[in-house]
Amino acid sequence: MIGIFDSGIGGLTVVRAIMDQLPGYDMIYFGDTARTPYGTKSSRTVIDYALENTEFLIQQGAKIIIMACNTASSVAFEALQQKFDLPIFEVITPAVELALKTTRKSAIGVIGTRATVNSGIYEKKINARNPDVRVHSAACPLLVPLVEEGWLKKPETRMIVKKYLHPLKVRQIDTLILGCTHYPVLKPIIQEKIGKRVQVISSSTAVADQVRGFLASSPEIEAQLSKNSESRFYVSDLTPQFEKTARFVIRQPIRLQNVSK
Ligand code: DGL
């Protein structure tokens, strides 16, 4: 099984992308809804949560792990790699690679949680590959609660997105990375507010693409993954609102199971 975790419901955008790019593969998802958001917490805490989440997914039979959370990816990837002996994917590197291929004016914008933006991980990774690329980042802390609340088309959401994107717009970026797995569900509003000339890149589809490439070139790992189109979805706290948002994000009916950890 492919194990996927996020701080909450947003990581289901990665599940959706895996379903689209690797149909039939069984997945096990864990959304840490009891402890969400991660984006406002310290690195130490996020690392501890990421280690626990990974352990849970491995106990449930995961053979590869996708950290479907930019916040966890930006601070906990090394800790996970040191502790666990199975392939682990983070969402930042694939989005960076796609953005570098896409930009024509060497001007890339990044939006994410405060923790992701403060970590400076996107700037570091982009400039390590190409020091001439200008990177402009903006933390958008209100977007995760808006998505979790299902406020996807409200005028208030449009106004907040516009305000967050304004500083990036004036810097004339031509590529924008959605550096948070919650944001793809707001993509239509983000695209409208940043302008149609800007290419919007989702870390969720970028990581699904990377996993597809990895499995194609690693038959011994691929053979360990079951393919019965059966997925299980666990959360650490369950409310009707989470179920409603989950169904919207993944665009199909799913059953969330509460697991206390
Ligand atoms: N979905 C997580 C991310 O990609 C963020 C949500 C949170 O702050 O917990 O960064």
Side-chain angles (χ1 to χ4, degrees), residues 4 6-18 20-21 31 36-39 66-74 89-103 107-123 125-126 133 135-148 150-153 157-158 160-169 171 173-211 245 248-251:
I4 301 179
D6 178 38
S7 61
I9 298 300
L12 289 173
T13 58
V14 175
V15 173
R16 180 72 260 168
I18 297 278
D20 292 342
Q21 296 202 37
T36 196
Y38 284 4
I66 305 175
M67 309 169 75
C69 173
N70 283 260
T71 309
S73 297
S74 64
F89 296 85
E90 42 84 16
V91 284
I92 294 166
T93 310
V96 162
E97 275 164 20
L98 190 55
L100 285 167
K101 273 190 223 144
T102 306
T103 185
I108 298 175
V110 181
I111 53 174
T113 64
R114 206 165 259 142
T116 300
V117 169
N118 288 348
S119 75
I121 186 101
Y122 274 99
E123 286 85 342
K125 281 190 184 274
I126 291 170
V133 173
V135 186
H136 303 287
S137 307
C140 306
L142 293 174
L143 298 190
V144 166
L146 287 170
V147 170
E148 298 271 343
W151 280 34
L152 304 172
K153 292 189 175 146
T157 305
R158 304 168 69 80
I160 291 167
V161 168
K162 184 174 177 195
K163 203 160 173 82
Y164 278 144
L165 293 180
H166 181 72
L168 302 179
K169 208 169 169 169
R171 290 196 165 85
I173 56 161
D174 69 351
T175 304
L176 175 65
I177 297 176
L178 305 183
C180 173
T181 52
H182 281 67
Y183 298 173
V185 289
L186 295 173
K187 190 173 172 193
I189 301 182
I190 292 171
Q191 183 76 68
E192 180 194 315
K193 298 299 175 196
I194 196 70
K196 58 178 184 309
R197 273 194 283 271
V198 175
Q199 297 290 324
V200 176
I201 284 173
S202 143
S203 54
S204 306
T205 42
V207 74
D209 205 33
Q210 192 201 32
V211 171
T245 308
F248 184 87
V249 171
I250 202 159
R251 303 199 304 270

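All values derive from a computational prediction rather than experimental measurement.
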Side chain of [X], backbone of [Y]: donor and acceptor closer than 3.5 Å?
X	Y	answer
T157	W151	yes
S74	T116	no
R114	G39	no

Check whether any side-chain heavy atom of [X] lies under 4.5 Å from a side-chain heavy atom of [Y], and answer yes or no.
X	Y	result
K169	K193	no
V144	C180	yes
E123	S137	yes
I173	T103	no
L98	T205	no

Output side-chain donor-acceptor pairs under 3.5 Å for residues 183-191, partner residues at least two apart or in another chain, one line each.
from, atom 1, to, atom 2, distance (Å)
Y183, OH, G112, O, 3.2
Y183, OH, C140, O, 3.4
Q191, NE2, G195, O, 3.1
Q191, NE2, V198, O, 2.9

On a heavy-atom basis, which atom in [X] and which in [Y] lie closest, and how many Å separate them?
X	Y	answer
G179	Y122	CA-OH, 3.6 Å
V14	A68	CG2-CB, 3.5 Å
H182	S7	CE1-OG, 4.2 Å
Y38	C69	CD2-SG, 4.2 Å
M67	E90	SD-CB, 4.1 Å
K125	I92	CD-CG2, 3.8 Å

If you round to the nearest 0.5 Å, how far is [atom2] of [Y] from [atom1] of [X]?
X	Y	atom1	atom2	answer
I111	L168	CD1	CG	7.5 Å
I9	T181	CD1	OG1	10.5 Å
I66	D6	CD1	CG	12.0 Å

Check your understanding: Going by atom types alone, do S203 and N70 pair a side-chain donor with an acceptor below 3.5 Å?
Key ->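 The criterion, which ignores hydrogens and geometry beyond distance, is satisfied for N70 and S203.
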Practice item. With sequence neighbours excluded, tell me which residues meet salt bridge (charged side-chain N to carboxylate O under 4.0 Å, His left out) with E97. Key: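 Partners of E97 by the salt bridge (charged side-chain N to carboxylate O under 4.0 Å, His left out) criterion, ordered by chain and then number, come out as R129.
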Practice item. Using the side chain to side chain donor-acceptor pair (under 3.5 Å) rule, take T113 and T71 through it: C-alpha gap first, then chi angles, then the decisive distance, then the call. Key: CA-CA 7 Å; T113 64; T71 309; 3.1 Å; yes
Exercise for review: Not counting sequence neighbours, list each pair that qualifies as a salt bridge (Lys or Arg N to Asp or Glu O under 4.0 Å) and has a residue in residues 199-210.
Suggested key: D209-R212
